[in-house]
Amino acid sequence: MIDKADIRKVAPFIWQIDKSYRPGMNVPAIIFATEQILDGVLKDRSIEQLVNVTSLSGIQKAAMAMPDMHEGYGFPIGGVAATSWPSGAISPGGIGYDINCGVRLLKSDCRFSQIEQYIGKLGHEIYKSIPSGVGKGGDIRLSVKELDNVLQHGSKWAVKNGYGNERDLERTESSGCLENAYPNAVSEKAKKRGIDQLGTLGSGNHFLEIDVVDEIYDTECADAYGLFKGQAVVLIHTGSRGLGHQVATDYVKIMMSSMEKYGISVPDRELAYAPFDSPEGQRYYAAMAAAANFAWANRQIITHKIREAWESVLGRDARLTLLYDVAHNIAKIEDHEIDGKSRKVIVHRKGATRAFGPHHPEIPEAYRVVGQPVIIPGSMGTASYVLAGTEAGMLMSFGSTCHGAGRQLSRSEATRMIDGKQLMMELRDRGIYPYIGSIKELAEEAPEAYKDVDDVVDVIDRTGIAKKVAKLKPVVVIKG
DNA sequence: ATGTGC
(Lines give C-alpha, C1' and ligand atoms only; values in the text may rest on other atoms or scores of the structure.)
Protein backbone atom coordinates (compact mmCIF):
# COMPACT_ATOMS: atom_id res chain seq x y z
CA MET A 1 0.00 0.00 0.00
CA ILE A 2 1.14 3.54 -0.73
CA ASP A 3 1.46 5.87 2.24
CA LYS A 4 -0.07 9.33 1.95
CA ALA A 5 3.22 10.72 3.29
CA ASP A 6 4.89 9.65 0.04
CA ILE A 7 2.54 11.83 -1.97
CA ARG A 8 3.47 15.46 -2.42
CA LYS A 9 1.04 18.26 -3.26
CA VAL A 10 2.70 20.15 -6.13
CA ALA A 11 -0.15 22.52 -7.05
CA PRO A 12 -3.81 22.91 -6.15
CA PHE A 13 -5.51 19.55 -6.94
CA ILE A 14 -2.25 18.06 -8.28
CA TRP A 15 -0.35 15.39 -6.33
CA GLN A 16 2.94 13.72 -7.16
CA ILE A 17 4.88 10.62 -6.25
CA ASP A 18 8.50 11.29 -7.12
CA LYS A 19 10.57 9.05 -9.34
CA SER A 20 12.86 8.37 -6.37
CA TYR A 21 9.99 6.71 -4.46
CA ARG A 22 10.84 3.27 -5.76
CA PRO A 23 13.54 1.77 -8.01
CA GLY A 24 12.29 1.01 -11.52
CA MET A 25 10.23 4.18 -11.87
CA ASN A 26 11.15 5.94 -15.10
CA VAL A 27 9.02 9.03 -14.44
CA PRO A 28 6.95 10.41 -11.53
CA ALA A 29 3.27 9.57 -10.97
CA ILE A 30 0.81 12.46 -11.00
CA ILE A 31 -2.74 12.45 -9.64
CA PHE A 32 -5.36 15.11 -10.33
CA ALA A 33 -7.70 15.08 -7.30
CA THR A 34 -9.16 16.82 -4.30
CA GLU A 35 -7.73 15.70 -0.98
CA GLN A 36 -10.99 13.87 -0.29
CA ILE A 37 -10.80 11.97 -3.58
CA LEU A 38 -7.14 11.16 -2.89
CA ASP A 39 -8.02 9.79 0.56
CA GLY A 40 -10.69 7.63 -1.05
CA VAL A 41 -8.43 6.13 -3.71
CA LEU A 42 -5.72 5.42 -1.14
CA LYS A 43 -8.00 2.59 0.00
CA ASP A 44 -7.77 0.57 -3.21
CA ARG A 45 -4.76 -0.49 -5.32
CA SER A 46 -5.15 2.23 -7.93
CA ILE A 47 -2.25 4.46 -6.82
CA GLU A 48 0.03 1.46 -6.57
CA GLN A 49 -1.05 0.52 -10.09
CA LEU A 50 -0.25 4.06 -11.24
CA VAL A 51 3.23 3.76 -9.74
CA ASN A 52 3.65 0.46 -11.60
CA VAL A 53 2.75 2.23 -14.87
CA THR A 54 5.76 4.57 -14.43
CA SER A 55 7.99 1.56 -15.16
CA LEU A 56 6.72 1.09 -18.73
CA SER A 57 9.51 1.34 -21.24
CA GLY A 58 9.66 4.69 -23.01
CA ILE A 59 7.08 6.39 -20.78
CA GLN A 60 7.18 10.18 -21.12
CA LYS A 61 6.76 12.95 -18.52
CA ALA A 62 4.64 11.04 -15.95
CA ALA A 63 2.05 8.35 -15.42
CA MET A 64 -1.11 10.34 -14.81
CA ALA A 65 -4.41 9.63 -13.12
CA MET A 66 -7.59 11.62 -13.44
CA PRO A 67 -9.88 12.39 -10.45
CA ASP A 68 -12.25 9.55 -11.43
CA MET A 69 -9.42 7.02 -10.91
CA HIS A 70 -10.04 3.61 -9.42
CA GLU A 71 -8.56 0.14 -9.50
CA GLY A 72 -8.49 -1.61 -12.86
CA TYR A 73 -6.76 -4.52 -14.57
CA GLY A 74 -3.03 -3.69 -14.37
CA PHE A 75 -3.51 0.03 -14.96
CA PRO A 76 -5.85 2.20 -12.92
CA ILE A 77 -9.00 3.28 -14.69
CA GLY A 78 -8.72 7.03 -15.19
CA GLY A 79 -5.09 6.55 -16.25
CA VAL A 80 -3.05 8.22 -18.99
CA ALA A 81 0.36 6.99 -20.15
CA ALA A 82 2.27 8.23 -23.19
CA THR A 83 5.20 6.14 -24.39
CA SER A 84 7.75 7.03 -27.04
CA TRP A 85 7.00 6.10 -30.63
CA PRO A 86 7.98 3.76 -32.24
CA SER A 87 9.60 1.41 -29.74
CA GLY A 88 8.00 2.33 -26.40
CA ALA A 89 5.55 0.04 -24.65
CA ILE A 90 2.03 -0.78 -25.76
CA SER A 91 0.01 -2.50 -23.06
CA PRO A 92 -3.51 -3.94 -23.45
CA GLY A 93 -4.08 -3.27 -19.74
CA GLY A 94 -3.55 0.42 -20.49
CA ILE A 95 -6.51 0.42 -22.84
CA GLY A 96 -8.84 -1.89 -20.95
CA TYR A 97 -11.16 -4.76 -21.72
CA ASP A 98 -13.87 -2.64 -23.29
CA ILE A 99 -11.85 -1.31 -26.20
CA ASN A 100 -13.23 2.05 -27.37
CA CYS A 101 -15.85 2.24 -24.75
CA GLY A 102 -17.04 5.78 -25.38
CA VAL A 103 -19.80 8.33 -25.34
CA ARG A 104 -21.69 10.37 -27.87
CA LEU A 105 -24.17 13.17 -27.42
CA LEU A 106 -27.08 13.83 -29.78
CA LYS A 107 -28.67 17.28 -29.74
CA SER A 108 -32.36 17.70 -30.41
CA ASP A 109 -33.67 20.95 -31.83
CA CYS A 110 -36.33 21.28 -29.15
CA ARG A 111 -36.71 22.18 -25.53
CA PHE A 112 -37.47 19.39 -23.11
CA SER A 113 -40.69 21.21 -22.15
CA GLN A 114 -41.93 20.83 -25.75
CA ILE A 115 -41.57 17.04 -25.71
CA GLU A 116 -42.22 16.34 -22.04
CA GLN A 117 -45.61 14.77 -22.74
CA TYR A 118 -44.03 12.21 -25.11
CA ILE A 119 -41.12 11.30 -22.87
CA GLY A 120 -42.48 7.95 -21.66
CA LYS A 121 -43.22 6.92 -25.23
CA LEU A 122 -39.76 7.98 -26.39
CA GLY A 123 -38.13 5.97 -23.62
CA HIS A 124 -40.23 2.96 -24.47
CA GLU A 125 -39.51 3.12 -28.22
CA ILE A 126 -35.77 3.51 -27.70
CA TYR A 127 -35.68 0.71 -25.12
CA LYS A 128 -37.59 -1.55 -27.51
CA SER A 129 -35.36 -0.94 -30.53
CA ILE A 130 -31.94 -1.34 -28.90
CA PRO A 131 -31.20 -4.73 -27.31
CA SER A 132 -29.41 -4.54 -23.97
CA GLY A 133 -28.02 -6.95 -21.40
CA VAL A 134 -25.02 -9.26 -21.05
CA GLY A 135 -24.31 -11.37 -24.12
CA LYS A 136 -27.30 -9.90 -25.94
CA GLY A 137 -27.28 -9.95 -29.72
CA GLY A 138 -29.27 -7.79 -32.11
CA ASP A 139 -31.08 -8.14 -35.40
CA ILE A 140 -28.27 -7.08 -37.74
CA ARG A 141 -27.07 -10.18 -39.59
CA LEU A 142 -23.55 -9.97 -40.93
CA SER A 143 -21.48 -12.42 -42.92
CA VAL A 144 -17.92 -12.95 -41.70
CA LYS A 145 -16.70 -10.97 -44.70
CA GLU A 146 -19.04 -8.08 -43.89
CA LEU A 147 -17.88 -8.11 -40.26
CA ASP A 148 -14.33 -7.67 -41.56
CA ASN A 149 -15.55 -4.58 -43.40
CA VAL A 150 -17.01 -3.24 -40.15
CA LEU A 151 -13.68 -3.89 -38.40
CA GLN A 152 -11.80 -2.16 -41.22
CA HIS A 153 -14.04 0.89 -41.65
CA GLY A 154 -15.97 1.47 -38.40
CA SER A 155 -18.50 4.31 -38.55
CA LYS A 156 -17.72 4.74 -42.25
CA TRP A 157 -19.14 1.27 -42.85
CA ALA A 158 -22.25 2.18 -40.85
CA VAL A 159 -22.87 5.41 -42.78
CA LYS A 160 -22.22 3.71 -46.11
CA ASN A 161 -24.85 1.14 -45.16
CA GLY A 162 -27.52 3.71 -44.34
CA TYR A 163 -26.97 4.22 -40.62
CA GLY A 164 -26.42 7.97 -40.45
CA ASN A 165 -24.72 10.63 -42.55
CA GLU A 166 -21.36 12.16 -43.49
CA ARG A 167 -21.77 14.89 -40.91
CA ASP A 168 -21.84 12.21 -38.20
CA LEU A 169 -18.37 11.12 -39.33
CA GLU A 170 -16.99 14.66 -39.12
CA ARG A 171 -18.27 14.85 -35.55
CA THR A 172 -16.70 11.60 -34.37
CA GLU A 173 -13.19 11.31 -32.93
CA SER A 174 -10.92 10.00 -35.72
CA SER A 175 -14.00 10.08 -38.01
CA GLY A 176 -15.04 6.81 -36.36
CA CYS A 177 -12.35 4.86 -38.22
CA LEU A 178 -8.78 4.00 -37.29
CA GLU A 179 -6.94 3.38 -40.55
CA ASN A 180 -4.46 0.89 -39.11
CA ALA A 181 -7.14 -1.70 -38.28
CA TYR A 182 -6.39 -5.21 -39.47
CA PRO A 183 -9.30 -7.67 -39.21
CA ASN A 184 -6.97 -10.68 -39.51
CA ALA A 185 -5.38 -9.72 -36.19
CA VAL A 186 -8.77 -10.33 -34.52
CA SER A 187 -9.29 -13.97 -33.49
CA GLU A 188 -12.13 -16.12 -34.84
CA LYS A 189 -13.42 -16.38 -31.29
CA ALA A 190 -13.60 -12.58 -30.94
CA LYS A 191 -15.42 -12.31 -34.28
CA LYS A 192 -17.86 -15.00 -33.26
CA ARG A 193 -18.70 -13.12 -30.08
CA GLY A 194 -19.22 -9.85 -31.93
CA ILE A 195 -20.93 -10.94 -35.11
CA ASP A 196 -24.50 -10.45 -33.82
CA GLN A 197 -23.75 -7.61 -31.38
CA LEU A 198 -23.76 -4.55 -33.65
CA GLY A 199 -26.40 -2.06 -32.56
CA THR A 200 -26.59 -3.39 -28.99
CA LEU A 201 -26.00 -1.64 -25.69
CA GLY A 202 -24.53 -4.27 -23.37
CA SER A 203 -24.74 -4.02 -19.60
CA GLY A 204 -22.79 -2.73 -16.59
CA ASN A 205 -22.31 1.02 -16.74
CA HIS A 206 -23.44 1.25 -20.37
CA PHE A 207 -26.58 3.28 -20.84
CA LEU A 208 -28.80 5.41 -23.02
CA GLU A 209 -30.23 8.58 -21.54
CA ILE A 210 -32.49 11.43 -22.48
CA ASP A 211 -31.18 14.50 -20.68
CA VAL A 212 -32.02 18.18 -20.35
CA VAL A 213 -29.32 20.84 -20.59
CA ASP A 214 -29.52 22.08 -17.02
CA GLU A 215 -26.82 24.71 -16.86
CA ILE A 216 -24.47 26.51 -19.25
CA TYR A 217 -21.06 27.56 -17.87
CA ASP A 218 -19.40 28.84 -21.03
CA THR A 219 -21.60 30.61 -23.56
CA GLU A 220 -19.00 30.87 -26.32
CA CYS A 221 -18.36 27.11 -26.30
CA ALA A 222 -22.05 26.26 -25.85
CA ASP A 223 -22.90 28.41 -28.88
CA ALA A 224 -20.22 26.73 -30.97
CA TYR A 225 -21.48 23.32 -29.85
CA GLY A 226 -25.14 24.29 -30.45
CA LEU A 227 -26.21 23.72 -26.84
CA PHE A 228 -28.80 25.83 -24.98
CA LYS A 229 -30.41 25.70 -21.56
CA GLY A 230 -33.57 23.60 -21.48
CA GLN A 231 -32.60 21.62 -24.63
CA ALA A 232 -33.43 17.91 -24.84
CA VAL A 233 -30.38 15.78 -25.68
CA VAL A 234 -29.59 12.06 -25.90
CA LEU A 235 -26.51 10.39 -24.44
CA ILE A 236 -25.13 7.04 -25.65
CA HIS A 237 -22.50 5.17 -23.60
CA THR A 238 -21.30 1.79 -24.91
CA GLY A 239 -18.33 0.07 -26.50
CA SER A 240 -17.11 -2.93 -28.46
CA ARG A 241 -19.08 -5.57 -26.51
CA GLY A 242 -17.85 -9.16 -26.48
CA LEU A 243 -15.61 -8.61 -29.51
CA GLY A 244 -13.37 -6.02 -27.85
CA HIS A 245 -13.35 -7.98 -24.63
CA GLN A 246 -12.06 -11.05 -26.44
CA VAL A 247 -9.38 -9.03 -28.28
CA ALA A 248 -8.11 -7.76 -24.90
CA THR A 249 -8.20 -11.26 -23.41
CA ASP A 250 -6.31 -12.72 -26.39
CA TYR A 251 -3.54 -10.13 -26.41
CA VAL A 252 -3.00 -9.94 -22.64
CA LYS A 253 -2.22 -13.63 -22.87
CA ILE A 254 0.03 -13.22 -25.93
CA MET A 255 2.00 -10.40 -24.30
CA MET A 256 2.34 -12.20 -20.98
CA SER A 257 4.19 -14.94 -22.81
CA SER A 258 6.22 -12.71 -25.16
CA MET A 259 7.67 -10.55 -22.36
CA GLU A 260 10.47 -12.95 -21.56
CA LYS A 261 11.66 -12.93 -25.18
CA TYR A 262 12.00 -9.13 -25.05
CA GLY A 263 13.63 -9.17 -21.60
CA ILE A 264 10.73 -7.20 -20.11
CA SER A 265 10.02 -7.47 -16.42
CA VAL A 266 6.97 -5.80 -14.88
CA PRO A 267 6.01 -5.20 -11.23
CA ASP A 268 2.59 -6.74 -11.93
CA ARG A 269 1.85 -9.38 -14.59
CA GLU A 270 -1.36 -7.56 -15.47
CA LEU A 271 0.81 -4.75 -16.82
CA ALA A 272 2.00 -7.07 -19.62
CA TYR A 273 3.28 -5.15 -22.62
CA ALA A 274 5.30 -5.43 -25.80
CA PRO A 275 7.44 -2.90 -27.65
CA PHE A 276 5.06 -1.05 -29.97
CA ASP A 277 7.20 -1.90 -33.01
CA SER A 278 7.47 -5.63 -32.18
CA PRO A 279 5.28 -8.13 -34.08
CA GLU A 280 3.12 -8.60 -30.94
CA GLY A 281 2.81 -4.86 -30.38
CA GLN A 282 1.91 -4.17 -34.00
CA ARG A 283 -0.61 -6.98 -34.13
CA TYR A 284 -2.30 -5.87 -30.92
CA TYR A 285 -2.46 -2.28 -32.14
CA ALA A 286 -4.07 -3.45 -35.39
CA ALA A 287 -6.57 -5.63 -33.50
CA MET A 288 -7.31 -2.84 -31.00
CA ALA A 289 -8.03 -0.51 -33.92
CA ALA A 290 -10.39 -3.10 -35.43
CA ALA A 291 -12.24 -3.44 -32.11
CA ALA A 292 -12.34 0.36 -31.80
CA ASN A 293 -13.90 0.54 -35.26
CA PHE A 294 -16.49 -2.05 -34.20
CA ALA A 295 -17.40 0.15 -31.21
CA TRP A 296 -17.76 3.22 -33.41
CA ALA A 297 -19.98 1.34 -35.84
CA ASN A 298 -22.00 0.18 -32.84
CA ARG A 299 -22.57 3.70 -31.50
CA GLN A 300 -23.34 4.91 -35.04
CA ILE A 301 -26.00 2.22 -35.58
CA ILE A 302 -27.51 2.91 -32.16
CA THR A 303 -27.65 6.58 -33.17
CA HIS A 304 -29.60 5.62 -36.27
CA LYS A 305 -32.05 3.52 -34.27
CA ILE A 306 -32.59 6.31 -31.76
CA ARG A 307 -33.27 8.73 -34.62
CA GLU A 308 -35.87 6.31 -35.99
CA ALA A 309 -37.55 6.05 -32.58
CA TRP A 310 -37.37 9.83 -32.15
CA GLU A 311 -39.02 10.45 -35.52
CA SER A 312 -41.66 7.78 -34.99
CA VAL A 313 -42.81 9.51 -31.81
CA LEU A 314 -42.22 13.20 -32.60
CA GLY A 315 -42.69 13.30 -36.36
CA ARG A 316 -40.42 13.18 -39.36
CA ASP A 317 -38.94 16.63 -38.96
CA ALA A 318 -37.71 16.03 -35.40
CA ARG A 319 -33.92 16.11 -35.68
CA LEU A 320 -31.11 14.63 -33.61
CA THR A 321 -27.70 16.03 -34.57
CA LEU A 322 -24.45 14.52 -33.35
CA LEU A 323 -22.52 16.94 -31.13
CA TYR A 324 -19.50 14.65 -30.83
CA ASP A 325 -18.38 11.08 -30.12
CA VAL A 326 -15.39 10.40 -27.86
CA ALA A 327 -13.46 7.22 -27.06
CA HIS A 328 -12.33 6.74 -23.46
CA ASN A 329 -10.57 3.35 -23.66
CA ILE A 330 -8.03 3.49 -26.48
CA ALA A 331 -4.40 4.04 -27.53
CA LYS A 332 -3.54 6.64 -30.16
CA ILE A 333 -0.40 7.80 -31.93
CA GLU A 334 -0.28 11.57 -31.41
CA ASP A 335 2.17 14.48 -31.52
CA HIS A 336 2.77 16.20 -28.20
CA GLU A 337 5.18 18.82 -26.96
CA ILE A 338 7.82 17.26 -24.70
CA ASP A 339 10.79 19.32 -23.43
CA GLY A 340 9.87 22.04 -25.90
CA LYS A 341 9.90 19.70 -28.90
CA SER A 342 7.08 18.02 -30.78
CA ARG A 343 7.35 14.25 -30.36
CA LYS A 344 5.30 11.30 -31.56
CA VAL A 345 3.96 9.26 -28.67
CA ILE A 346 1.64 6.31 -28.07
CA VAL A 347 -1.02 7.72 -25.74
CA HIS A 348 -2.83 5.11 -23.65
CA ARG A 349 -6.13 6.42 -22.31
CA LYS A 350 -7.90 4.00 -20.02
CA GLY A 351 -11.01 5.57 -18.62
CA ALA A 352 -9.68 8.87 -19.86
CA THR A 353 -10.96 11.07 -22.67
CA ARG A 354 -9.06 12.86 -25.39
CA ALA A 355 -9.52 16.60 -24.90
CA PHE A 356 -7.65 18.48 -27.63
CA GLY A 357 -7.30 22.21 -27.17
CA PRO A 358 -8.30 24.98 -29.59
CA HIS A 359 -6.87 24.97 -33.14
CA HIS A 360 -5.86 21.32 -33.16
CA PRO A 361 -6.21 20.07 -36.76
CA GLU A 362 -8.09 16.92 -35.65
CA ILE A 363 -11.01 18.92 -34.25
CA PRO A 364 -14.01 19.52 -36.56
CA GLU A 365 -13.87 22.99 -38.06
CA ALA A 366 -17.04 24.16 -36.33
CA TYR A 367 -15.40 23.59 -32.93
CA ARG A 368 -11.79 24.42 -33.77
CA VAL A 369 -11.68 27.86 -32.18
CA VAL A 370 -13.15 26.72 -28.85
CA GLY A 371 -11.57 23.27 -28.47
CA GLN A 372 -12.76 19.68 -28.72
CA PRO A 373 -16.05 18.76 -27.07
CA VAL A 374 -15.57 16.25 -24.25
CA ILE A 375 -18.53 14.28 -22.98
CA ILE A 376 -18.49 13.04 -19.39
CA PRO A 377 -21.24 10.60 -18.42
CA GLY A 378 -22.02 10.74 -14.71
CA SER A 379 -23.29 7.89 -12.58
CA MET A 380 -26.85 6.73 -13.10
CA GLY A 381 -29.48 9.36 -12.41
CA THR A 382 -27.04 12.09 -11.32
CA ALA A 383 -25.62 14.47 -13.93
CA SER A 384 -23.42 14.44 -16.99
CA TYR A 385 -21.18 17.15 -18.40
CA VAL A 386 -19.94 18.62 -21.64
CA LEU A 387 -16.44 20.06 -21.38
CA ALA A 388 -14.04 21.68 -23.85
CA GLY A 389 -10.39 20.78 -24.35
CA THR A 390 -7.78 23.43 -23.49
CA GLU A 391 -4.23 24.45 -24.33
CA ALA A 392 -3.26 23.74 -20.70
CA GLY A 393 -4.56 20.17 -21.04
CA MET A 394 -2.37 19.67 -24.11
CA LEU A 395 0.70 20.54 -22.03
CA MET A 396 -0.29 19.00 -18.68
CA SER A 397 -2.04 15.73 -19.54
CA PHE A 398 -1.33 14.91 -23.19
CA GLY A 399 -4.68 16.47 -24.12
CA SER A 400 -6.60 14.14 -21.82
CA THR A 401 -9.21 14.43 -19.13
CA CYS A 402 -11.48 12.26 -16.98
CA HIS A 403 -14.14 9.92 -18.40
CA GLY A 404 -16.90 9.81 -15.79
CA ALA A 405 -17.58 9.79 -12.07
CA GLY A 406 -15.39 6.75 -11.37
CA ARG A 407 -16.26 3.97 -8.96
CA GLN A 408 -15.69 4.27 -5.25
CA LEU A 409 -17.25 0.91 -4.31
CA SER A 410 -16.36 -2.34 -6.04
CA ARG A 411 -19.19 -4.14 -7.82
CA SER A 412 -19.46 -6.71 -5.03
CA GLU A 413 -19.41 -4.05 -2.28
CA ALA A 414 -22.18 -2.15 -4.07
CA THR A 415 -24.31 -5.28 -4.50
CA ARG A 416 -23.92 -6.03 -0.81
CA MET A 417 -24.78 -2.54 0.39
CA ILE A 418 -27.48 -1.35 -1.99
CA ASP A 419 -30.98 -2.60 -2.71
CA GLY A 420 -31.84 -2.51 -6.42
CA LYS A 421 -35.60 -2.28 -6.00
CA GLN A 422 -35.35 0.63 -3.64
CA LEU A 423 -32.95 2.36 -5.99
CA MET A 424 -35.46 1.99 -8.81
CA MET A 425 -38.13 3.68 -6.66
CA GLU A 426 -35.74 6.47 -5.76
CA LEU A 427 -35.11 7.15 -9.43
CA ARG A 428 -38.87 7.36 -10.05
CA ASP A 429 -39.30 9.67 -7.06
CA ARG A 430 -36.78 12.02 -8.60
CA GLY A 431 -38.78 12.20 -11.83
CA ILE A 432 -36.52 9.86 -13.82
CA TYR A 433 -38.07 7.21 -16.04
CA PRO A 434 -35.97 4.05 -15.57
CA TYR A 435 -35.91 1.26 -18.17
CA ILE A 436 -33.88 -1.41 -16.47
CA GLY A 437 -33.01 -4.82 -17.88
CA SER A 438 -31.66 -6.37 -14.70
CA ILE A 439 -32.64 -5.18 -11.21
CA LYS A 440 -30.00 -7.51 -9.83
CA GLU A 441 -27.19 -5.63 -11.54
CA LEU A 442 -28.73 -2.23 -10.85
CA ALA A 443 -27.17 -1.87 -7.38
CA GLU A 444 -23.70 -2.01 -8.95
CA GLU A 445 -24.57 1.19 -10.77
CA ALA A 446 -26.09 3.07 -7.84
CA PRO A 447 -24.89 6.68 -7.45
CA GLU A 448 -23.44 5.73 -4.05
CA ALA A 449 -21.15 3.25 -5.80
CA TYR A 450 -19.54 6.18 -7.66
CA LYS A 451 -17.68 9.34 -6.77
CA ASP A 452 -19.55 12.61 -7.01
CA VAL A 453 -19.26 13.59 -10.68
CA ASP A 454 -19.54 17.29 -9.73
CA ASP A 455 -16.36 16.99 -7.62
CA VAL A 456 -14.55 15.06 -10.35
CA VAL A 457 -15.39 17.59 -13.05
CA ASP A 458 -14.54 20.52 -10.76
CA VAL A 459 -10.99 19.15 -10.38
CA ILE A 460 -10.70 19.06 -14.17
CA ASP A 461 -12.03 22.60 -14.50
CA ARG A 462 -9.97 24.04 -11.63
CA THR A 463 -6.70 22.53 -12.87
CA GLY A 464 -7.60 23.77 -16.35
CA ILE A 465 -6.99 20.51 -18.23
CA ALA A 466 -10.49 21.02 -19.69
CA LYS A 467 -13.25 23.51 -18.96
CA LYS A 468 -16.89 23.15 -18.06
CA VAL A 469 -19.34 24.02 -20.83
CA ALA A 470 -22.68 22.50 -19.80
CA LYS A 471 -24.32 20.27 -17.23
CA LEU A 472 -26.96 17.71 -18.24
CA LYS A 473 -29.72 16.30 -16.06
CA PRO A 474 -31.25 12.90 -16.86
CA VAL A 475 -34.98 12.35 -17.43
CA VAL A 476 -34.96 8.87 -19.00
CA VAL A 477 -32.39 6.20 -18.16
CA ILE A 478 -32.11 2.97 -20.17
CA LYS A 479 -29.77 0.26 -18.90
CA GLY A 480 -29.06 -3.34 -19.68
C1' DA B 1 -16.55 -4.24 -19.11
C1' DT B 2 -17.67 -9.56 -20.06
C1' DG B 3 -21.41 -15.97 -23.36
C1' DT B 4 -19.23 -12.18 -15.27
C1' DG B 5 -14.52 -18.27 -12.67
C1' DC B 6 -9.15 -22.25 -15.57
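Below, chain A is the first sequence line, B the second, and so on; all start at residue 1.
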Rounded to whole Å, CG of N298(A) lies from C1' of dT2(B) at a distance of 14 Å
Side-chain N or O of R411(A) versus OP1/OP2 of dT4(B): is the shortest distance under 4.0 Å? no
Output the rounded distance in Å from CD (E445(A)) to P (dT2(B)). 11 Å
For E280(A), the option from Y273(A), Y251(A), Y262(A) that meets side-chain hydrogen bond (donor to acceptor under 3.5 Å, both in side chains): Y262(A)
Please state whether the phosphate of dT2(B), meaning OP1 or OP2, lies under 4.0 angstrom from any side-chain nitrogen or oxygen of S203(A). yes
Give one of base, sugar-phosphate or nothing for E441(A), where a contact means two heavy atoms less than 4.0 Å apart. base
Can you tell me how far NE2 of H153(A) sits from NZ of K160(A), rounded to the nearest 0.5 angstrom? 6.5 Å
With sequence neighbours left out, which residue pairs that include part of residues 131-146 of chain A fulfil the side chain to side chain donor-acceptor pair (under 3.5 Å) condition? E146(A)-N149(A), E146(A)-W157(A)
Atom OH of Y251(A) to atom C1' of dT2(B): distance rounded to whole Å? 19 Å
Without decimals, in angstroms, what is the distance between Y97(A) OH and dT2(B) P? 14 Å
For D250(A) and dT2(B), what is the distance between atoms CG and P respectively, to the nearest whole Å? 16 Å
K479(A) has an atom NZ; how far is it from atom P of dT2(B), in whole Å? 11 Å
Going by the side chain to side chain donor-acceptor pair (under 3.5 Å) test, which pairs reach into residues 281-292 of chain A, not counting sequence neighbours? none
Measure from NZ on K192(A) to C1' on dT2(B) and round the result to the nearest Å. 16 Å
How is K189(A) classified with respect to the nucleic acid when contacts are heavy atoms under 4.0 Å: base, sugar-phosphate, or nothing? base
Calculate the interatomic distance between F294(A) atom CZ and dT2(B) atom P; express it in whole Å. 11 Å
